[in-house]
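A short write-up of the structure that comes next.
Worth saying up front: this structure is predicted, and the values here are computed from it rather than measured. So you know, we letter chains A, B, ... as the sequences are listed, proteins then strands, and number each from 1.
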Amino acid sequence: MRELLRPYRLSFAAVVIFQVIGAVAGLAPLLAVVELGRILLSPGPIDDSQAWYAVIAGAAGLFVRLLFTAVSSGIGHLLDDRVQLSFRRQLATRLGSVPIGWFSRRRTGELAKVVGEDVSAVHPFIAHTPGELVSAFVVPLVSLIYLFSIDWRLTLITLLPVLLAVALVPLMMTPTRQREQEEFDAAMGRISSSVVEFVQGISVVKAFGGSGRAHHKFLKATDEFVAIFYRWVRGISGIAAGMQLALSPPFVLLVVLIGGASLITTGSLAPADLLPFLLLGLGLTAPVAALGHGFDEMQAARRAVGRIQDVLDVESLPQPARPVAPHGHRVELRDVRFGYEADHEVLRGIDLVLEPGTVTAIVGPSGSGKSTLVQLLPRFFDPTQGSVVLGGVDLREIGSRELYRMVSFVFQDVRLLRASVADNIALAVPRASLADVVDAARLANIHERILELPRGYDTVLNQETSLSGGEAQRISIARALLADAPVLVLDEATAFADPQTEEAVRRALATLAGERTILVIAHRLETIADADTVVMLENGSIVERGSPAELLTQNGKFAAFWRSNDGARQGEEAR
Amino acid sequence: MIRLLLRVLGHEYARPVRRTLALMTVTAIAEGLSYAFLVPVLRALFGSEPADAWPWLIAFGVAVAIYATLRYSSDLSGFRVGTTLLRGMYHRLGDHLARLPIGWYSTGRVGQLSVLAGRGVLQAMGVIAHLLSPFISAAVTPLTIVAVMLAFNWQLGLAALAAVPVVAAIQVRTGRSMAATDADRAERDNEATARVVEYLQAQPVLRAGGRTAERFKLLDDSLQEVQRASRRTTLSALPGIVGLTLAVQAMFTGLLVLGTYLALGGNIGAAEVLTILVLAARCADPVLSLAEFAGQLRGARSVLARLDAVLRTEPLPEPSEPIQPERHDLEFDSVTFRHGDRTVIDDVSFSVPAGRRLAVVGPSGAGKSTLLQLLARFYDVDAGAVRVGGVDVREISTEALMAQFAIVFQDVYLFDGTIEENVRLGRPDADDAEVRAAATAAQLDDVIERLPGGWATNVGEGGALLSGGERQRVSIARALLKNAPIVLLDEVTSALDPVNEAAVHEGIERLMAGRTVVMVAHRMRTVRRADHVIFLAAGHIAEQGTHDDLLHQAGPYATYWNLSQTPELHP
């Protein structure tokens with residue numbers, strides 16, 4: 001936190017200093033009334049001009065207070081805006097560099113909450129707390145010194161309500177309360193993510209809907225939250241109400257008056273000396289009130305900062321200190337081992353060479369590690385052992401820009417951004433000309449469809465229109481075609497395939513083949529048949545490799561695999 | 001504000017809320033009135049007989065005790081009512097969201113809803129628990145004090161009273177100008193949240209495109225918009241706050257000047273003047289805090305307004321006298337459906353007799369998925385009718401209608417829970433044996449075997465920890481377990497690698513056996529198994545018939561299939 005805020009030190013200092021000046025000046029009118037009281041209550045003739053001086057001094061104090069607090073609060077809020085933007089940017093940068101695998105263990109809703117709400121929760125910490133907290137302590141301190149100088153006994157009496165309230169504070173900070181507080185935050189996070197789930201899964205919710213049991217999970221999260229909230233409130237509300245009462249003006253005035261009356265009737269206090277206590281005494285409660293009120297927010301802010309810090313502390317994929325440029329685009333996997341968890345290896349010693357100008361198809365049952373393997377090429381993860389080498393250089397030695405220039409990727413799970421069609425296609429090549437974008441779209445079989453959209457290539461997706469699954473796939477193929485990287489990794493994107501999309505995939509592979517290094521997770525027998533090399537993966541290891549024809553003659557696992565599928569298909573065609 | 005609150009809450013909560021409000025107001029008045037005793041107390045203390053103060057002081061003590069009791073009970077009541085309302089609110093929102101048509105759920109709504117349903121609801125309910133009481137006391141207590149002043153000295157009282165309309169006018173004005181900037185700000189926040197969600201979910205693509213945070217302009221722009229909106233809020237709030245402070249300070253200065261003038265002229269006793277100045281000082285702080293409270297109340301109000309907008313969105317109307325369909329045939333009768341101003345389904349008619357299979361074929365974007373969604377009444381049609389068992393779907397209760405369908409869609413969404421929980425969603429009251437049987441029939445067994453936690457493996461948000469094929473199998477198991485008479489199938493096998501494909505196929509065959517089926521098909525071999533095929537293009541039926549007939553006609557259907565051919569591979 002301190003690190004994060006360092007660049008803003010000067011502004012913070014200005015906020016605090018202005019606030020203190022303003023707050024102390026605010027005492028002037030009260031002192032003016034005290035002075036007026038002494039003049040009016042003093043026996044003998046009254047000096048008019050002296051009374052008017054007091055009035056002018058009071059009014060001047062008020063004006064200074066107005067000026068300085070307004071400036072302080074203005075600076076504070078503007079500062080807050082800047083700090084929040086910088087936090088959000090830092091979070092986004094960090095989230096853009098952590099290993100992709102990290103995301104599969106996090107909920108989008110919770111992360112979005114950190115970037116959104118948690119950063120906003122820092123607001124009081126920056127815009128209000130420093131100034132308010134400091135003045136909440138400085139003003140009472142000044143008042144206290146002044147009051148002591150008048151009468152120490154009555155000062156002590158005036159402090160009684162404060163002491164009473166302070167005595168209640170520890171009750172609000174017991175470990176139980178703090179645990180409840182943490183549970184509260186956790187439950188809040190669960191609501192956020194259950195809402196994201198609820199809304200995204202709404203078609204399932206509706207399909208199995210009926211008597212409200214499908215959104216059961218959301219309701220469960222909220223019920224749980226309310227229960228925790230209730231427990232927390234019940235624990236704290238009695239104490240809080242008691243504290244509020246001890247600090248309430250009528251109670252403080254009552255205590256001061258009883259003390260004052262006793263001292264005055266016994267003749268040990270001049271009546272005029274009671275006035276400052278009535279006027280300034282109430283101000284002494286400010287720090288405790290700030291503790292009770294501001295502290296809630298402070299603690300909420302502190303917890304939010306903790307969560308922000310947690311995200312910022314996640315290690316990003318390390319970048320090389322001295323990036324090396326790869327020579328050519330031959331890809332080698334050397335004894336690569338990888339596991340998402342320490343004790344569960346997904347890839348167990350993969351040795352594989354992808355020659356430029358060849359297509360390598362990976363086949364294998366689900367869960368054999370195909371997706372994980374291809375994700376190592378764009379360095380979504382680093383292998384736990386062994387290395388992935390591109391153009392003779394370990395991926396870990398290549399700068400990320402260079403790497404992304406070399407390797408492009410078509411994913412099975414297509415995400416279109418809420419941006420124009422052209423921007424979506426040009427995602428990897430922001431400076432591409434429209435002509436290039438159109439060429440890529442044409443090759444990907446999507447150009448005609450784009451022209452039918454309300455504003456053609458300028459149509460904003462997911463806002464002005466939404467595309468079907470197959471169309472989205474073709475956009476992502478166009479993306480890869482435009483990126484024109486020498487290494488292409490294709491998780492065969494046929495999730496929503498229709499004949500046009502299949503045609504697009506085929507054309508893409510045909511167009512890109514040549515000098516490129518292509519690695520495909522093959523879902524279609526057609527792709528397998530056309531590949532130069534087929535790699536059969538099973539349980540994280542390569543069990544067979546070779547050209548499709550060779551493998552078929554070997555009559556091993558691949559042949560069995562091929563025949564089971566091809567056989568099923570032939571049988572059906574005949575039916 | 002209160003009316004809006006009550007409407008959002010539902011009127012069964014009106015009474016406790018009103019009671020709490022009344023209690024808070026009475027408390028604030030009691031506080032103001034108790035100060036009236038200060039005048040005689042101080043008059044005695046500042047006079048020649050200080051001991052005369054004691055009876056008045058006792059009276060003040062009694063008044064404070066009454067105030068304390070009221071205050072304590074109104075604080076507690078605020079907390080209690082707030083919590084009860086919180087639960088009611090969440091349930092109301094959840095139930096309502098489940099009833100809204102799917103068409104309502106656009107991408108941007110996810111961000112908006114997660115803010116609203118999370119912190120938003122809490123903030124709205126916090127109005128009662130935390131904000132209303134200080135707000136009421138900050139407004140009502142000074143008013144009562146002004147009345148007390150009037151009773152003791154009319155000149156000073158009137159001077160104080162003059163400030164009341166000024167303060168009120170400033171509050172109202174600030175409120176109006178802030179409402180606009182607040183709404184703007186909330187919109188930017190939602191926009192940014194949606195962008196963040198997008199940014200997180202699209203990380204793989206963005207990275208492959210070399211777009212890290214600083215180069216992803218869409219996100220950075222929306223973050224900057226948030227900052228700008230926030231700055232606008234600050235700047236537009238400043239005049240109000242300064243104006244209020246100025247008004248209050250002018251009032252105090254005025255009283256100080258007038259009081260000094262009157263006292264020096266001997267028109268009023270020193271004790272009275274001093275007491276009134278003490279009371280005036282007492283008024284200033286709460287009135288100044290009005291600005292802060294009002295800001296928070298406005299924030300809560302805009303949340304309430306957004307909740308209200310969601311709650312007022314009409315769900316699909318339920319029939320008043322629902323009809324239970326007896327048969328399982330399906331019919332589209334001249335159906336037209338528009339999405340925005342685009343006609344997605346254009347005057348489509350067909351029927352599927354009970355127990356038969358209909359395949360829907362066509363290019364992407366032809367409206368195939370929409371057609372399935374209309375059958376299950378995810379939307380209502382704009383013209384014509386969709387009938388199940390001869391009954392218009394709008395005449396069937398949602399529950400009865402959903403009981404008719406088992407649905408396997410292309411975008412399989414799994415909830416963050418175990419595989420078992422996800423399968424059981426198909427029929428929550430199924431016993432364990434039935435759940436296992438459905439899983440086995442959907443070929444889930446080897447998936448479960450492979451997973452570290454077996455049945456109890458958590459699948460992650462959206463099923464992220466399973467592969468596409470595995471998710472499909474879960475959704476088939478779900479549909480099998482449901483055992484509904486009509487099956488809606490959005491081509492599922494194409495997402496799969498050959499191994500998964502074979503497994504899924506088997507499951508689907510079991511699912512379709514003996515049921516009425518409508519399937520959106522992309523693969524010729526699936527289509528061959530249908531009794532009837534309709535070829536959909538741009539929202540209308542271009543051709544229909546059996547697969548073989550259509551191929552022989554050499555129309556658009558035949559052209560469509562000619563695009564995809566199977567290669568032969570011979571060693």
Nearest non-hydrogen partners of [X] and [Y], listed with the distance:
X        : Y        : answer
B:Leu264 : A:Ala51  : CD1-CB, 4.2 Å
B:Leu256 : A:Leu36  : CD1-CD2, 4.2 Å
B:Phe252 : A:Val33  : CZ-CG2, 3.9 Å
B:Val257 : A:Trp52  : O-CH2, 3.7 Å
A:Pro250 : B:Tyr67  : CG-CE2, 3.7 Å
A:Leu41  : B:Ala270 : CD2-CB, 3.9 Å

Return the option, out of [options], with the maximum number of heavy-atom pairs under 4.5 Å with chain A.
options                              : value
B:Leu223, B:Thr253, B:Thr245         : B:Leu223
B:Leu277, B:Thr260, B:Leu38          : B:Thr260
B:Gly94, B:Ala281, B:Ala53, B:Gly259 : B:Gly94
B:Ser34, B:Ala271, B:Ala51, B:Ala68  : B:Ala68

Tell me, for [X] versus chain B, whether the close heavy atoms (under 4.5 Å) come from the side chain, the backbone, both or neither.
X        : value
A:Leu257 : both
A:Leu91  : neither
A:Leu245 : side chain
A:Val115 : side chain
A:Ala483 : neither
A:Leu95  : both
A:Leu417 : both
A:Arg82  : both
A:Leu279 : side chain

side-chain hydrogen bond (donor to acceptor under 3.5 Å, both in side chains) involving B:Arg228 - partner list, sequence neighbours excluded: B:Gln224, B:Glu225

Taking side-chain hydrogen bond (donor to acceptor under 3.5 Å, both in side chains) as the definition, give me every residue that meets it alongside A:Arg65, ordered by chain and number, with sequence neighbours left out. none

Side chain from CB out, backbone as N, CA, C, O: work out which of these in [X] comes under 4.5 Å of a heavy atom of chain A, or both, or neither.
X        : value
B:Val278 : both
B:Ile241 : neither
B:Thr234 : side chain

Options [options], ranked by heavy-atom pairs under 4.5 Å with chain B, top entry:
options                               : value
A:Ala419, A:Ser248, A:Gly116          : A:Ser248
A:Asp48, A:Asp81, A:Val226, A:Val363  : A:Asp81
A:Ala272, A:Ala70, A:Pro271           : A:Pro271
A:Thr265, A:Asp80, A:Leu30            : A:Thr265
A:Leu282, A:Ile264, A:Leu78           : A:Ile264
A:Leu253, A:Leu254, A:Leu275, A:Val55 : A:Leu254

The test is side-chain contact (heavy atoms from CB on, under 4.5 Å); show your working for B:Val226 and A:Leu85 and say whether it passes. CA-CA 8 Å; B:Val226 169; A:Leu85 178 64; over 6 Å; no

Report yes if the side chains of [X] and [Y] come closer than 4.5 Å at any heavy-atom pair, otherwise no.
X        : Y        : value
A:Gln84  : B:Ser230 : no
A:Tyr230 : B:Leu86  : no
B:Glu31  : A:Pro249 : yes

List the steps, then state whether side-chain contact (heavy atoms from CB on, under 4.5 Å) holds for B:Phe46 with A:Leu40. CA-CA 10 Å; B:Phe46 292 155; A:Leu40 291 178; over 6 Å; no

side-chain contact (heavy atoms from CB on, under 4.5 Å) between A:Leu274 and B:Leu42, worked out: CA-CA 9 Å; A:Leu274 176 62; B:Leu42 289 182; 4.0 Å; yes

Nearest-0.5 Å distance that lies between atom [atom1] in [X] and atom [atom2] in [Y]:
X        : Y        : atom1 : atom2 : value
A:Arg88  : B:Asp220 : CZ    : CG    : 12.0 Å
A:Leu111 : B:Leu200 : CG    : CG    : 5.5 Å
B:Arg87  : A:Asp223 : CZ    : CG    : 4.5 Å

So does A:Ala241 get a backbone contact from the side chain of B:Asp75, meaning a donor-acceptor N/O pair under 3.5 Å? no

Ignoring hydrogens and geometry, is there a side-chain-to-backbone donor-acceptor pair from B:Arg195 to A:Arg418 under 3.5 Å? yes

Give the intermediate values and the outcome of side-chain contact (heavy atoms from CB on, under 4.5 Å) for residues A:His77 and B:Leu235. CA-CA 9 Å; A:His77 278 85; B:Leu235 293 180; over 6 Å; no

